[in-house]
Amino acid sequence: MPHSINREYAERAIPQYERAIEQAGGEPVRIPLDRTSDEVRTIAESCDAVLLPGSNADVDPTKFGAPRSPRTAAADPRRDAVDDLLLEDAYQLRKPILGICYGLQSLNVYRNGSLIQHIPDFLPQELRMRVNHEAGKAVPVAHAVEIECDSNLAEICGKNETLAAEGNKLVIPVNSSHHQSADVIGKGLRVSARCVDDGIIEALEGTDADHFVLAVQWHPERSVDADEPSRSIFRALIQAAAK
């Protein structure tokens with residue numbers, strides 16, 4: 001799990017991911033961003049899975065060939081470089097991957113996808129006020145997401161008997177702390193969940209059944225004490241790593 005160049009953010013946020021991993025039976029390993037590429041690869045060799053956490057940075061839009069939006073935050077080049085090294089290792093060795101919030105965006109861009117740089121600028125006027133995707137950690141439930149029933153995410157979360165089924169979708173409540181989202185989907189990925197109210201992509205997963213790749217736009221590490229789907233996501237990563 002990579003760290004962050006913003007020390008205050010990292011020390012506040014990263015322990016939540018570590019606790020969620022430990023509760024699921026795993027052992028978290030922090031990867032500092034000030035290491036050389038060879039040092040990062042050495043640390044990665046000892047890890048059985050990759051978790052890409054959130055960040056208060058935005059992915060550099062030059063990585064997906066787009067001009068920078070005035071709303072796009074500064075990039076974290078060291079975090080981007082470490083993410084790329086970890087994803088290269090994970091894809092080469094078929095290690096399980098879990099991306100969360102920024103981690104979803106980083107994964108999608110790594111796989112040659114692109115991003116919506118500011119959701120309100122993308123949505124039609126009538127949809128812009130339906131959901132506050134930047135609600136933040138103070139809002140436990142910001143909106144609901146619809147999960148495709150034929151997805152791995154549905155299998156992971158659908159084991160919870162309290163989930164509401166709507167047609168061919170599973171619906172779960174989630175928190176939200178982002179202003180960007182996936183746009184063009186990267187190679188070997190598929191959409192597995194969208195926001196109920198405005199259709200924004202909320203989860204991606206790999207198309208290869210033999211390689212666990214999952215990314216969610218919300219923050220399940222914040223809600224592991226409150227709901228089973230959040231716990232299930234981290235358990236699925238650890239179970240995949242154990243295989």
Under the 3.5 angstrom rule, does the side chain of Asp227 hit a backbone N or O of Ser230 as a donor-acceptor pair? yes
Would you call Gln217 and Gln105 a side-chain contact if the rule is heavy atoms closer than 4.5 Å? yes
Looking at Glu11 and Arg30, does any basic side-chain N land under 4.0 Å from a carboxylate oxygen? yes
In Å, rounded to the nearest 0.5 Å, how long is the span from CG of Leu52 to CE of Met1? 10.5 Å
Would you check if there is a donor-acceptor pair between the side chains of Arg222 and Ser177 at a distance under 3.5 Å? yes
Of the non-hydrogen atoms in Ala182 and Ile201, which two are nearest, and what is the gap between them? O-CD1, 3.6 Å
Student check: side-chain heavy atoms of Ile200 and Glu202 closer than 4.5 Å: yes
Just wondering, more than 12 heavy atoms not from Glu27 lying within 6.0 Å of its CD? no
For a quick test of reading the model, state the closest non-hydrogen atom pair linking Pro140 to Asn175 and the distance between them. O-CB, 3.4 Å
Tell me, do Leu33 and Pro2 make a side-chain contact under 4.5 Å, heavy atoms counted? yes
Ring geometry between His118 and His179 (parallel below 30°, tilted from 30 to 60°, perpendicular above 60°): tilted
OG-CG distance between Ser69 and Asp58, expressed to the nearest 0.5 angstrom: 9.0 Å
Check the pair Phe212 / Gln239 against side chain to side chain contact (heavy atoms under 4.5 Å, CB included), numbers first and verdict last. CA-CA 10 Å; Phe212 181 96; Gln239 290 167 1; over 6 Å; no
What is the distance from atom NZ of Lys187 to atom CZ of Arg111, rounded to the nearest 0.5 Å? 6.5 Å
Mind checking the SG-CD1 spacing from Cys157 to Ile147? Nearest 0.5 Å is all I need. 4.5 Å
At what distance, to the nearest 0.5 angstrom, does OG of Ser232 lie from CG of Leu237? 12.5 Å
Ion pair Asp225/Arg19, N-O distance below 4.0 Å: yes
Val224 reachable from Val141 in the ILVMFWY side-chain graph, under 4.5 Å edges: no
Members other than Tyr102 in its cluster, when Ile, Leu, Val, Met, Phe, Trp, Tyr link by side-chain heavy atoms under 4.5 Å? Val59, Phe64, Val109, Leu115
Which heavy-atom pair separates Ala241 from Ala49 by the least distance, and what is that distance? CB-CB, 3.9 Å
Side chains of Glu88 and Leu85: closer than 4.5 Å at any heavy-atom pair? yes
For the pair Asp60 and Thr62, evaluate side chain to side chain donor-acceptor pair (under 3.5 Å) and give the outcome as yes or no after the intermediate values. CA-CA 5 Å; Asp60 184 349; Thr62 63; 3.0 Å; yes
Atom pair CD1 (Ile116) and CG (Asp121), whose distance is rounded to the nearest 0.5 Å: 10.5 Å
Any side-chain heavy-atom pair of Arg190 and Asp150 under 4.5 Å: yes
With a 3.5 Å distance limit and no angle check, can you tell me whether Ser114 reaches the backbone of Val184 through a side-chain donor-acceptor pair? yes
How about Arg78: does its CZ atom have over 12 heavy atoms from other parts shown lying under 6.0 Å from it? no
Whether Tyr17 side chain and Glu221 backbone form a donor-acceptor pair below 3.5 Å: no
Candidate pair Asp198 and His143, rule side chain to side chain donor-acceptor pair (under 3.5 Å), full reasoning: CA-CA 10 Å; Asp198 59 21; His143 61 86; over 6 Å; no
Give the C-alpha distance, both sets of side-chain angles, the deciding distance and a yes or no for side chain to side chain contact (heavy atoms under 4.5 Å, CB included) between Leu104 and His178. CA-CA 11 Å; Leu104 177 149; His178 65 105; over 6 Å; no
Gly26 to Ile238 - nearest heavy-atom pair and separation: CA-CD1, 3.8 Å
Side chains of Pro53 and Leu51 in contact at under 4.5 Å (non-hydrogen atoms): yes
Using a 6.0 Å cut-off, check whether atom CZ of Arg71 has over 12 heavy atoms from anything other than its own residue. no
Taking Asn108 for the side chain and Gly113 for the main chain, is one N or O donor matched with an acceptor at less than 3.5 Å? no
Nearest heavy-atom pair of Asp48 and Pro96: which atoms, and what distance? O-CD, 3.1 Å
Close side-chain approach of Glu205 and Glu148, heavy atoms under 4.5 Å: no
Is there a side-chain contact between Val40 and Asp89 in this structure, where contact means two heavy atoms from C-beta onward sitting under 4.5 Å apart? no
Is there a side chain to side chain contact (heavy atoms under 4.5 Å, CB included) between Val131 and Ser176 once you walk through the steps? CA-CA 9 Å; Val131 173; Ser176 191; 5.5 Å; no
Would you check, one step at a time, whether the test side chain to side chain contact (heavy atoms under 4.5 Å, CB included) holds for Trp218 with Ile233? CA-CA 12 Å; Trp218 64 93; Ile233 287 170; 4.1 Å; yes
Would you say Ser151's side chain and Ala154's backbone share a donor-acceptor pair under 3.5 angstrom? yes
Any donor-acceptor pair under 3.5 Å from Arg235 side chain to Ala24 backbone: no
Under-4.0 Å salt bridge between Glu45 and Arg41: no
Tell me whether Gln180 contacts the main-chain N or O of Gln117 through its side chain, where contact means a donor paired with an acceptor under 3.5 Å. yes
Are Tyr91 and Val82 connected into the same hydrophobic cluster when the rule is that any two of I, L, V, M, F, W, Y join if their side-chain heavy atoms are below 4.5 Å apart? yes
All heavy atoms of Leu170 vs all of Gly158, minimum pair found to be CD1-CA, 3.8 Å
Side chain to side chain contact (heavy atoms under 4.5 Å, CB included) with Leu107: which of Ile100, Leu189, Asp83, Leu98? Leu189
